[in-house]
Each structure stands twice: as C-alpha cells, then as structure tokens.
K.L.:
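Before we start, here is the structure in question, set down as structure tokens.
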Amino acid sequence: MKTLLLLILTVWLNIQSSGGTLSSSCSHPPSQWCSSLESAIQCGVLDLCLKTNFTRSNQTADPIQVGLYYESLCPGCRQFLTEMLFPTWVLLNEIMTVNLVPYGNAQEKPDGGKYVFQCQHGEQECLGNMIETCVLNMTNSAFQIINCMESSSDVIKSAKTCAELYSPKLSWDSVMKCVKGDQGNQLMHQNAMETDGLKPPHQYVPWVTINGEHTEDLQNKAMSSLFSLVCSMYKGSKPEACGAAKRHYRSYCHND
C-alpha cells in the first residue's frame with residue numbers, strides 16, 4: 001500500500017522538529033503527501049519523502065505477510081483489527097504487509113450467475129463486509145478507512161465519513177455501485193473462496209495467518225503481541241521500532 005501512516009508521521013515530525021511548515025499551496029490530505037512526486041513538491045515535503053522511501057527500499061529481507069480473515073461486526077475481529085493489527089502496521093509497515101479478507105463465518109449460495117451471502121451477524125454485517133471489500137479494491141487508503149469504520153460505534157453509518165476523511169477523491173457513489181452490483185458480488189465470492197480454501201480450515205474469527213501459515217501457536221502470539229511476533233520473525237535488519245537502534249535522549253527539565 002502506497003499510503004502509509006508511519007510515513008506521514010515521520011514527515012510531520014520532521015517538519016515540526018525543523019520548525020518548518022507545510023506549503024500553503026498544499027491541497028492534499030496527509031495520507032497523500034508522499035503518494036506522488038507532484039503532491040510531495042506541492043506540499044513542500046519532497047526531501048523527507050525521498051529519504052523515507054529510500055530507507056524503505058533498502059530493506060534486506062521479504063516482509064512478514066499478515067493475513068486477517070474476519071467479519072465486519074464480529075466484536076473480537078474489531079478489537080484485534082483496531083487495537084493490535086492496525087497499530088502494529090503503523091509502526092512496522094516497512095517490514096510487514098497486511099491482507100484483509102472480510103467474510104469470516106459467512107456462507108454463500110449460487111443464485112443464477114451471482115451469489116447470495118448469509119452472514120453470522122445478519123444483513124448489516126453482510127453490508128459491512130461488502131463495503132470493506134469494495135473499498136479494498138478501490139483505494140490505497142483502504143486500511144485507514146476500515147480501521148476508522150471498525151473503531152466507530154456504528155460500522156455502517158461511519159463508512160461514508162471515514163472514506164471522505166481518508167480518501168477524499170474516492171466517490172462514495174462508486175463505492176455503493178460496487179456494493180450493490182456485480183463487481184462487489186464477484187469480489188465477495190473471491191473472499192469466500194479464499195476463506196474456504198484455508199488450510200487448515202478456519203474454525204473461528206479473527207483467524208490470523210503469518211506468511212500464509214496458520215498454527216495455534218502463531219495465532220496465540222499474534223493475539224498477544226503481533227508487534228513482537230513480526231519483529232522476531234523478520235530476518236532482515238530490524239527497524240528502530242523493533243529496538244534495533246535505540247535512541248538515548250539527554251534533554252532534561254531540572255528542578256531549580
């Protein structure tokens with residue numbers, strides 16, 4: 001994914017620490033500052049974007065692949081996604097990738113050339129799953145949008161606002177066209193096939209895979225501390241977030 005919160009935070013912190021400000025001509029939201037050469041120049045952050053992308057391009061090993069098979073209204077899924085997976089990705093997206101598959105314990109039945117879906121938590125969950133599936137295929141800011149949705153008190157009602165916040169150029173009408181049309185139906189069918197093809201078969205959600213593998217040990221470690229698991233499994237040079245290069249701060253406020 002091109003839009004990365006860690007990159008945004010790095011750029012913003014560098015701007016603040018250097019006493020600089022964003023260019024007044026910047027018309028892009030923070031999530032798009034480093035998405036293109038044009039936006040980086042317009043927002044006055046080109047040098048910082050180049051430095052961050054250089055660091056990311058010099059990783060020494062394949063990233064850890066984290067897969068999450070979940071349901072949009074499953075309480076345990078929402079908690080894991082918002083409190084464990086998303087924060088870990090924010091800190092470690094240099095060394096990990098995330099594959100979100102909203103379907104979980106749903107069932108599908110053929111209906112002519114389409115499919116009918118039944119979800120564990122009812123029709124609203126099917127709608128939530130479908131919105132998130134379409135968003136995943138329509139914007140690089142999908143993870144931010146989905147985290148926003150799953151963090152809210154009402155997953156469905158927050159969807160449009162979350163999309164407008166994190167992907168302003170994404171047309172909500174196009175999202176709903178996907179949700180209600182053949183495209184969304186086929187995308188959800190792909191989610192169903194991917195979920196049903198899991199080995200071993202999933203027994204619950206959230207169901208976590210690491211580099212395409214699921215074991216109870218990996219699941220337990222991911223649920224306890226996905227951050228520690230990703231750091232420990234990554235075979236390349238560890239990023240600072242993993243504690244590879246600890247910084248020592250010697251600025252004090254003395255008691256006069």
Side-chain angles (χ1 to χ4, degrees), residues 1-12 28-36 39 49 52-53 56 59 63-74 76-104 125 127-152 155-156 158-172 174-175 178-179 184 187-188 190-191 194-195 205-212 222-223 226-227 229-230 234 239 241:
M1 300 172 74
K2 295 180 181 178
T3 308
L4 300 163
L5 288 186
L6 183 58
L7 180 58
I8 297 166
L9 290 172
T10 301
V11 171
W12 179 254
H28 302 274
S31 62
Q32 299 297 321
W33 286 347
C34 296
S35 62
S36 69
S39 61
C49 290
T52 306
N53 282 330
R56 293 165 57 83
Q59 294 303 315
I64 303 300
Q65 301 171 6
V66 180
L68 177 63
Y69 297 80
Y70 72 104
E71 302 166 345
S72 62
L73 298 188
C74 161
C77 299
R78 297 179 64 184
Q79 182 178 21
F80 178 76
L81 190 151
T82 60
E83 297 181 13
M84 185 70 74
L85 180 58
F86 188 77
T88 298
W89 174 78
V90 169
L91 293 171
L92 299 180
N93 59 71
E94 295 177 44
I95 64 170
M96 69 180 285
T97 61
V98 174
N99 179 39
L100 298 176
V101 185
Y103 183 78
E125 180 169 80
L127 177 57
N129 290 350
M130 189 68 80
I131 291 173
E132 294 182 3
T133 294
C134 287
V135 166
L136 282 164
N137 285 269
M138 299 178 73
T139 173
N140 290 325
S141 300
F143 199 1
Q144 293 94 317
I145 294 171
I146 291 172
N147 178 67
C148 175
M149 291 172 60
E150 298 294 343
S151 300
S152 70
V155 174
I156 308 302
S158 67
K160 185 175 184 290
T161 300
C162 290
E164 291 172 345
L165 177 63
Y166 288 102
S167 187
K169 294 183 179 180
L170 177 64
S171 164
W172 188 248
S174 66
V175 174
C178 170
V179 167
L187 289 172
M188 189 59 66
Q190 293 175 16
N191 285 357
E194 183 174 347
T195 303
V205 289
W207 186 264
V208 180
T209 63
I210 306 294
N211 293 333
M223 298 296 288
L226 180 64
F227 179 91
L229 179 61
V230 172
Y234 183 65

K.L.:
Without swapping roles, check the side chain of N191 against the backbone of P102 for a donor-acceptor pair under 3.5 Å.
P.N.:
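A pair under 3.5 Å: yes.
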K.L.:
Rounded to the nearest 0.5 Å, how far does CG of L68 lie from CG of L81?
P.N.:
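So the gap between those two atoms works out to 6.0 Å.
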K.L.:
Could you check whether any side-chain heavy atom of F80 comes within less than 4.5 Å of a side-chain heavy atom of L226, counting everything from C-beta outward?
P.N.:
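A side-chain contact under 4.5 Å exists here.
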K.L.:
Do N99 and E194 come close enough that some side-chain heavy atom pair is under 4.5 Å?
P.N.:
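A side-chain contact exists here, since the closest heavy-atom pair is under 4.5 Å.
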K.L.:
Can you name the nearest heavy-atom pair linking M96 to V66, along with the distance?
P.N.:
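What the structure gives for the nearest pair is CE-CG2, 3.8 Å.
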K.L.:
With rounding to the nearest 0.5 Å, note down the distance linking CG in L187 to SG in C178.
P.N.:
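Result: 5.5 Å between the selected atoms.
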K.L.:
Pick one: which of V208, V98, N147, V90 meets side chain to side chain contact (heavy atoms under 4.5 Å, CB included) with L85?
P.N.:
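Checked V208, V98, N147, V90 against L85; only one passes side chain to side chain contact (heavy atoms under 4.5 Å, CB included): V98.
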K.L.:
If you measure from CH2 on W172 to OG1 on T161, what distance do you get to the nearest 0.5 Å?
P.N.:
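The OG1 atom of T161 is 9.0 Å from CH2 of W172, to the nearest 0.5 Å.
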K.L.:
Grab the two heavy atoms, one from L100 and one from Y70, that are nearest each other, plus how far apart they are.
P.N.:
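Reported closest heavy-atom pair: CB-CE2, 4.0 Å.
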K.L.:
Which pair of heavy atoms, one from L91 and one from F227, lies closest together, and at what distance?
P.N.:
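Closest pair (atom of L91, atom of F227, distance): CD1-CE1, 3.9 Å.
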K.L.:
Do V230 and W89 have side-chain heavy atoms sitting under 4.5 Å apart?
P.N.:
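Result no, sub-4.5 Å side-chain heavy-atom pair not found.
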K.L.:
The test is side-chain hydrogen bond (donor to acceptor under 3.5 Å, both in side chains); show your working for S141 and S167 and say whether it passes.
P.N.:
CA-CA 6 Å; S141 300; S167 187; 4.7 Å; no
K.L.:
May I ask you to test the M223-P206 pair for a side-chain heavy-atom distance under 4.5 Å?
P.N.:
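Yes. Closest side-chain heavy atoms under 4.5 Å.
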K.L.:
Atom OG of S151 and atom CD of Q79: how far apart are they, to the nearest 0.5 Å?
P.N.:
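If I round to the nearest 0.5 Å, the distance is 11.5 Å.
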K.L.:
Roughly how far apart are C162 SG and Q144 CD, rounded to 0.5 Å?
P.N.:
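Between C162 SG and Q144 CD, I get 11.0 Å after rounding to 0.5 Å.
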K.L.:
Could you walk me through whether T209 and Y69 pass the side-chain contact (heavy atoms from CB on, under 4.5 Å) test, one step at a time?
P.N.:
CA-CA 8 Å; T209 63; Y69 297 80; 3.9 Å; yes
K.L.:
Which distance, rounded to the nearest 0.5 Å, do you find between the OG1 of T139 and the CG of L170?
P.N.:
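Here the interatomic distance stands at 5.5 Å.
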K.L.:
One pair to check against side-chain contact (heavy atoms from CB on, under 4.5 Å): V155 and R78. What are the steps and the verdict?
P.N.:
CA-CA 10 Å; V155 174; R78 297 179 64 184; 3.4 Å; yes
K.L.:
Okay, side chain of T133, backbone of N129: is any donor-acceptor separation there less than 3.5 Å?
P.N.:
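Yes: the side chain of T133 pairs with the backbone of N129.
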K.L.:
So does I64 get a backbone contact from the side chain of N211, meaning a donor-acceptor N/O pair under 3.5 Å?
P.N.:
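The answer is no, because no donor-acceptor pair under 3.5 Å joins these two groups.
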K.L.:
Determine whether a donor-acceptor pair (N or O, by modelled atom type, separation under 3.5 Å) exists between the side chain of E132 and the backbone of I146.
P.N.:
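Not at all, since once roles are kept as given, no pair shorter than 3.5 Å links the two residues.
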